Amino acid sequence: MPTQFESPTSGSDQEFTYMAVGMVGGAIPGIIIGLIVAMFAGHAAMWVSITGGIGIILGLLIARGLYKKKKNSSRP
């Protein structure tokens, strides 16, 4: 029986991997920034939600751009 966790081989699998890593990579700094802002402004849940959401969106956009750049540079 094949293992469930295999490395991504198709283009869409690799693109989704980039996007998932980008989301996590953007969310972690966003959450940390939200907690720092909340120390001074209060309302931790609000700031973590706002900055975490912005971080996720920025992470997705950057990951998408990096994937397209990689895909276009590997073409002959």
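Everything numeric in this text was worked out from a predicted model, so none of it was measured. As a basis for the values below, the full set of heavy atoms in this structure was taken, side chains included, without hydrogen atoms, waters or symmetry mates.
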Q) V37 and L58: same hydrophobic cluster, using ILVMFWY side-chain contacts below 4.5 Å? A) yes
Q: With rounding to the nearest 0.5 Å, note down the distance linking CE in M19 to CD1 in I56.
A: 12.0 Å
Q: Write down the atom of G22, the atom of A63, and the distance for their closest heavy-atom approach.
A: CA-CB, 3.9 Å
Q. Does I28 share a hydrophobic cluster with I57, counting links as ILVMFWY side-chain heavy atoms below 4.5 Å and allowing steps through other members?
A. no
Q | Of all pairs that satisfy ring-ring contact (aromatic ring centres under 6.0 Å, His included), the ones with a partner from residues 40-64, not counting sequence neighbours | A | none
(Q) Run the side chain to side chain contact (heavy atoms under 4.5 Å, CB included) test against I31 and tell me which residues pass, sequence neighbours left out. (A) L35, V48
Q) Between Y67 and I62, is there a shared hydrophobic cluster once you connect ILVMFWY residues whose side-chain heavy atoms come closer than 4.5 Å? A) yes
Q. Can you get from L60 to V21 by hopping between Ile, Leu, Val, Met, Phe, Trp and Tyr side chains that sit under 4.5 Å apart?
A. no
Q | I50 with I32, same ILVMFWY side-chain cluster at under 4.5 Å | A | no
Q: Kindly indicate whether the side chain of Q14, heavy atoms from C-beta on, has any atom under 4.5 Å from the side chain of K71.
A: no
Q.
I need the minimum non-hydrogen distance between A44 and A38, along with the two atoms involved.
A. CA-CB, 3.5 Å
**Q.** K70 and Y18, any side-chain heavy atoms less than 4.5 Å apart
**A.** yes
